[in-house]
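Each remark here refers to the structure printed beneath this line.
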Amino acid sequence: MTDDGFQRALAELLTVPGTRRMLDDAADGFAARFALTADELGLLLGTNRSRLDLTARSIVGKRLDFVRRALPATMSALPARSHQGLFADFIGRCPPVEPAEHGARPIGEARRFADYLRDCGPAGVPLAADLAEYEVLRAEAQFGQPTSSDRLLGGHVRLGHFTFDVITLYDGWRRAGRVQAEPTPRPTWLAVVRASESSALACFRLGERAYAVLDRLGRGEFAPDSEVERAVLRLAQQEGWLTDAGC
Amino acid sequence: MIRAGQPWLGVGLGYRQDLHDAIFARSGSIDCLEVISEQYLAAAPAQRERLRVLRERFPVVPHGIELSIGTAGPLDLQYLDDLARLVVAMDAPWCSDHLSFTRAGDLAIGQLTPLVRTREHATAVAVKAAQVQRHVGVPFLLENITYYLDFPAELSEAEFITEVVEQADCGLLLDLTNVFVNSVNHHFDPVEFVAAIPLERVVQLHLAGGQWSGDTLVDTHSAPVPEQVWQLLDHVADRLSSLRCVILERDQEFPDEFDELLADLTRARQTFDLVRGG
Ligand SMILES: [Fe+2]
């Protein structure tokens, strides 16, 4: 097999900015970092740089295509003139670390972009960050398995809390094809749930306390210690939101 | 490798959701479909339903892009289990993926990336291809990729492919556009290339069209099949004794006129009607 270090070095050269400078400016350090043989280092140093660029651009193109397709409402909430700069910053900061689940690359990329908007996005994108999180939760609920989760909540149930009322904003986008400009913040807690054996999604608005209870279930840590908490657990049980471990 | 009784599926399209309505509107002109395996491995209800709808009307074959058989180290057994389940659910006659790697370390680069072509690597991939075939229980086909980067190595691409599929006793998914694109970008004769690989192992063909980016021809799956690829097809058509299916790939720049795609299907079908004496 192509040796592990060589493949990792090539993958980083193609996806992690700054790696190529390291190869060019500090080849010995580069070789040591990936445990490359002299021959392998020679192959990488001899790489046609314009072809390396072409391949790297192809990877970026696919990643951004996933993001655009998975997050249409988010895209419409971001001014078109900001897309290029935002995407460049995203690609620079967030390499395509493997998603946990197979076949989940588009969702994995969308999740990465949503996390980027939340954690590193420039000021002025909190609305887009909320929408991205909501769109990713919808996709994750769509594909999540009710039973194959190590959480107490099934994979078809996803929780989120938001600065804006994303349900209303998202529905408005679906109707009008654009997101309402400058909405008033309205803290929102919700569960996105895929109905069993169907692809229909339902969104349940939650109170902050019920959300907190379900969030603890989602993290696999739950021991109800009040009547309210037991009531939330019963509701989740009745609605089929729990895995066997949670029932 | 492929059962003698396995029927000819015909000439069809790579299924893309953007093409769904057009495919069903013109289903009489499409013999079969190829789906991307990974989109159906998780088996969410929406995917199961779509697969059911497709299979109701067409023979469907699965084609993977993320097995990453060339990644150093063992195959992902969870992936193989999921693929085996999908093959059973689809009653697929074979499955396929690419002779490349797409993952390294913790990076999933999503790009079919070439391997360094040594005998040692060919053997390692062959062992894994044989493992896929055993695990999944149907013939496994490896596809030749387009590559822009190339690394001087012990074996030519044709020798490397031959080593792998002969040792693994698996099939080939021959992408004629990839052969043509590589021949342009890496300056070799595509006719010599196809003469040097075991054509009797080709079970499926891919055809597509690309675009120039600077001085490099790129396999974008965004244009009609170019004339040089048709010539290559004419050249090999009567030597593909195991061929069961031809798939036209189109991933972007979907034409307003679906007839543009159907014209390529018709031309490919005419080629094989002649060869098969139909
Ligand atoms: Fe192909």
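Protein chains get the first letters and strands the later ones, always in sequence-line order, with residue 1 at the start of each. Values below: all heavy atoms of this structure, side chains included; hydrogens, waters and symmetry mates excluded.
To the nearest 0.5 Å, atoms CG (A:L54) and OG1 (B:T216) are separated by 5.5 Å. Residue A:R51 holds its CZ atom at 10.0 Å from OG of B:S213, rounded to the nearest 0.5 Å. To the nearest 0.5 Å, the span separating CD on B:Q47 from CD on A:Q142 amounts to 7.0 Å.
A pairwise comparison of heavy atoms in B:D18 and A:R69 identifies OD2-NH2, 3.1 Å as the closest pair. The minimum heavy-atom distance linking B:L107 with A:E12 is given by the pair CD1-CG, 3.7 Å.
Exactly one residue among A:L13, A:T47, A:L44, A:L43 makes a side chain to side chain contact (heavy atoms under 4.5 Å, CB included) with B:L149. That residue is A:T47.
Side-chain contact of B:Q111 with A:S58: a donor-acceptor pair under 3.5 Å is present, judged by distance alone.
Of the two parts of A:R57, only the side chain, counted from C-beta on, holds a non-hydrogen atom closer than 4.5 Å to a non-hydrogen atom of chain B. Interface residue A:I59: backbone and side-chain heavy atoms are both found under 4.5 Å from chain B. Contact annotation for B:N185: both backbone and side-chain heavy atoms come within less than 4.5 Å of a heavy atom of chain A. Heavy atoms of B:V127 lying under 4.5 Å from chain A are absent altogether. Heavy-atom distances place both the backbone and the side chain of A:T55 under 4.5 Å from chain B.
Inter-residue side-chain proximity for B:L115 and A:F6 is flagged as unmet; no heavy-atom pair is nearer than 4.5 Å. With contacts defined as side-chain heavy-atom distances shorter than 4.5 Å, the pair A:R105/B:E38 does not qualify.
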Exercise for review: Evaluate the criterion side chain to side chain contact (heavy atoms under 4.5 Å, CB included) for residue pair B:T71 and A:Q7; output intermediate values, then yes/no.
Suggested key: CA-CA 8 Å; B:T71 295; A:Q7 290 186 338; 4.1 Å; yes
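Salt bridge status for B:D251 with A:K62: absent, with no side-chain N to carboxylate O gap under 4.0 Å.
Of the residues considered (A:D39, A:L10, A:V16), A:L10 shows the highest number of contacts with chain B, using heavy-atom pairs under 4.5 Å.
Under a cut-off of 6.0 angstrom, the local environment of CZ in A:R49 is crowded, with over 12 non-hydrogen atoms contributed by other residues, nucleotides or ligands. Counted within 6.0 Å of CZ on B:R57, heavy atoms from surrounding residues, nucleotides or ligands total more than 12; the atom is thus considered enclosed.
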